[in-house]
Engineer: 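First the structure, which I've put down as structure tokens, then a few questions once you've had a look.
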Amino acid sequence: PFPLYKRYVYRMEPKGLEALRWAGIHLVSLANNHIKDHDSVGIVATLDNLAKAKLLQVGAGRDAAEARRGQVVTVRGVRVGLLAYLEDSPMHSLYMRSFAHVRRPGCTRLELAALRRDIARLRRHADLVIVMPHWGRSYAGVTFLQKFYGRALIDAGADAVIGAHPHVHHPVGLYRGKPILYS
């Protein structure tokens, strides 16, 4: 496990990936606040096990380039680009060091300049771009940053934003005619 104290630490046995495939899941997002629960070794093992199970992933990688890559899948003839990000905080930046860098595994940081480049790059290969941020505060309402980034993602070219993390239901917003699911 991660060498510093963390209240909740999660892990799934690799054989659990069979259940995901059985359920019809073909792609998962790894950009979340538990990505470093088992340090960098856990991230690399997760990436390897997903590849062996032929499951795609977005939002994490062995380095920043892999983490930011995204995926394009075809659904009923429509090319759908998917990206995932973790909202920054001192917990993720300093304590957990969750974010991928040049030579460090981790997940993608929700930051404007990079997400604009990522969406523009993926847009060249996709008919629709969906961004999945892991954001907000647990058991609380929609935050200012969720609203700010939700709109920024649409302004950057996302067709839909599907957020997660707060563990409570949040409203669905519309911005420029495009949906933002806050949680």
Engineer: Quick one: pull up CG in L82 and CG in L128 and give me the separation to the nearest 0.5 Å.
Structural biologist: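 If we round to the nearest 0.5 Å, L82:CG and L128:CG are 9.5 Å apart.
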Engineer: Quick check on the hydrophobic clustering: are Y182 and L153 connected, directly or via other members, by side-chain heavy-atom contacts under 4.5 Å?
Structural biologist: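 Shared cluster, yes.
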Engineer: For E13, enumerate each residue passing the side chain to side chain donor-acceptor pair (under 3.5 Å) test, keeping only those at least two apart in sequence or located in another chain.
Structural biologist: R11
Engineer: With rounding to the nearest 0.5 angstrom, report the CZ to OH distance, F144 to Y149.
Structural biologist: 10.0 Å
Engineer: Pair K147, V142 - check side chain to side chain contact (heavy atoms under 4.5 Å, CB included), show working.
Structural biologist: CA-CA 7 Å; K147 290 178 184 176; V142 178; 3.8 Å; yes
Engineer: Please give me the minimum heavy-atom distance between A67 and C107, naming the atom from each residue.
Structural biologist: CB-C, 4.4 Å
Engineer: Looking at residues at least two apart in the chain, or sitting in another chain, which of them share a side chain to side chain donor-acceptor pair (under 3.5 Å) with D63?
Structural biologist: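 Checked D63 against side chain to side chain donor-acceptor pair (under 3.5 Å); zero matches.
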Engineer: Please check if the side chain of D37 supplies one atom and the backbone of Y10 the other of a donor-acceptor pair under 3.5 Å.
Structural biologist: yes
Engineer: Quick one: list whatever passes side chain to side chain donor-acceptor pair (under 3.5 Å) with T143, sequence neighbours left out.
Structural biologist: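 Counting only residues at least two positions away or on another chain, T143 forms a side chain to side chain donor-acceptor pair (under 3.5 Å) with Q146.
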Engineer: Give a yes or no answer on whether the side chain of E87 reaches the backbone of G136 with a donor-acceptor pair at less than 3.5 Å.
Structural biologist: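 Checked: pair present.
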Engineer: Spell out, as yes or no, whether a donor-acceptor pair under 3.5 Å connects the side chain of N32 to the backbone of H34.
Structural biologist: yes
Engineer: Can you list the residues that meet the ring-ring contact (aromatic ring centres under 6.0 Å, His included) rule with Y139, with sequence neighbours excluded?
Structural biologist: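 With neighbours one apart ignored, the set is H167.
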Engineer: With no hydrogens and no angle check, just 3.5 Å: does a side-chain donor-acceptor pair link H134 and N33?
Structural biologist: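 Their side chains do contain a donor-acceptor pair, which is all the 3.5 Å distance test asks for.
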Engineer: Looking only at non-hydrogen atoms, find the nearest pair between W135 and G163 and report the distance.
Structural biologist: NE1-CA, 3.5 Å
Engineer: Test salt bridge (charged side-chain N to carboxylate O under 4.0 Å, His left out) on R176 and D155; report intermediate values, then the result.
Structural biologist: CA-CA 9 Å; R176 297 187 174 193; D155 287 339; 3.3 Å; yes
Engineer: Would you say L30 ends up clustered with L110 if hydrophobic residues are merged whenever their side chains have heavy atoms under 4.5 Å apart, either directly or through other cluster members?
Structural biologist: no
Engineer: Using the salt bridge (Lys or Arg N to Asp or Glu O under 4.0 Å) rule, collect all pairs that involve residues 130-145, keeping only residues at least two apart or in two chains.
Structural biologist: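 Sorted pair list comes back empty.
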Engineer: Restricting to ring-ring contact (aromatic ring centres under 6.0 Å, His included), what partner residues turn up for H170, sequence neighbours left out?
Structural biologist: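 Partners of H170 under the ring-ring contact (aromatic ring centres under 6.0 Å, His included) test: none.
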Engineer: Would you give the length of the straight line joining atom CZ of R104 to atom OG of S98, rounded to the nearest 0.5 angstrom?
Structural biologist: 8.5 Å
Engineer: Restricting to ring-ring contact (aromatic ring centres under 6.0 Å, His included), what partner residues turn up for F148, sequence neighbours left out?
Structural biologist: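 Testing F148 for ring-ring contact (aromatic ring centres under 6.0 Å, His included), a comparison that skips the adjacent residues, returns none.
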Engineer: State yes or no: do L145 and L86 share one hydrophobic cluster built from I, L, V, M, F, W and Y residues joined by side-chain heavy-atom distances below 4.5 Å, directly or via other members?
Structural biologist: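 No, because L145 and L86 fall into different hydrophobic clusters, even though each may have its own neighbours under 4.5 Å.
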Engineer: Could you note down all residue pairs passing side chain to side chain donor-acceptor pair (under 3.5 Å) where residues 74-85 supplies at least one of them, sequence neighbours left out?
Structural biologist: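 Pairs touching residues 74-85 that pass the test: R79-D127, Y85-D118.
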Engineer: Strictly distance-based, threshold 3.5 Å: is any side-chain N or O of E18 a donor or acceptor partner for the main-chain N or O of R21?
Structural biologist: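 Side chain of E18 to backbone of R21, a donor-acceptor pair under 3.5 Å: no, none is there.
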Engineer: Can you tell me how far CZ of R68 sits from CZ of R117, rounded to the nearest 0.5 angstrom?
Structural biologist: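 Going from the CZ atom of R117 to the CZ atom of R68 covers 7.0 Å.
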Engineer: To check you understand the geometry: which heavy-atom pair defines the closest contact between L17 and M12, and what is its length?
Structural biologist: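 Looking at all heavy atoms of both residues, the closest pair is CD2-CE, 3.4 Å.
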Engineer: Please find the pair of heavy atoms, one from V44 and one from P105, that lie closest to each other, and give the distance.
Structural biologist: CG2-CG, 3.9 Å
Engineer: If two hydrophobic side chains count as joined below 4.5 Å and joins carry through other members, does Y175 share a cluster with I130?
Structural biologist: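 Y175 and I130: separate clusters.
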Engineer: P133 and I162: which non-hydrogen atoms are nearest, and at how many Å?
Structural biologist: CD-O, 3.5 Å
Engineer: Grab the two heavy atoms, one from I119 and one from A156, that are nearest each other, plus how far apart they are.
Structural biologist: CG2-O, 3.3 Å
Engineer: Output the distance between atom OG (S29) and atom CG (L56), rounded to the nearest 0.5 Å.
Structural biologist: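 Going from the OG atom of S29 to the CG atom of L56 covers 12.5 Å.
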Engineer: Please enumerate all residues that pass side chain to side chain contact (heavy atoms under 4.5 Å, CB included) together with V75, with sequence neighbours excluded.
Structural biologist: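 Only V73, V80 meet the side chain to side chain contact (heavy atoms under 4.5 Å, CB included) criterion with V75.
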Engineer: With sequence neighbours left out, write down each residue that passes ring-ring contact (aromatic ring centres under 6.0 Å, His included) with H101, or none if nothing qualifies.
Structural biologist: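 Checked H101 against ring-ring contact (aromatic ring centres under 6.0 Å, His included); zero matches.
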Engineer: Just to verify, what does R123 make a side chain to side chain donor-acceptor pair (under 3.5 Å) with, not counting sequence neighbours?
Structural biologist: D159
Engineer: Would you tabulate the side-chain donor-acceptor contacts of residues 47-55 under 3.5 Å, counting partners in other chains and residues two or more places apart, or write 'none'?
Structural biologist:
unit_1	atom_1	unit_2	atom_2	d
D48	OD1	R62	NH2	2.3
N49	ND2	A45	O	3.0

Engineer: If we only count heavy atoms from C-beta on, is the V131 to L115 side-chain gap below 4.5 Å?
Structural biologist: no
Engineer: M132 pairs by side chain to side chain contact (heavy atoms under 4.5 Å, CB included) with which of L83, L181, V58?
Structural biologist: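 So the option named by the test is V58.
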Engineer: Give, for atom CG of D88 and atom CZ of R109, the distance between the pair rounded to the nearest 0.5 Å.
Structural biologist: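 The CG atom of D88 sits 4.5 Å away from the CZ atom of R109.
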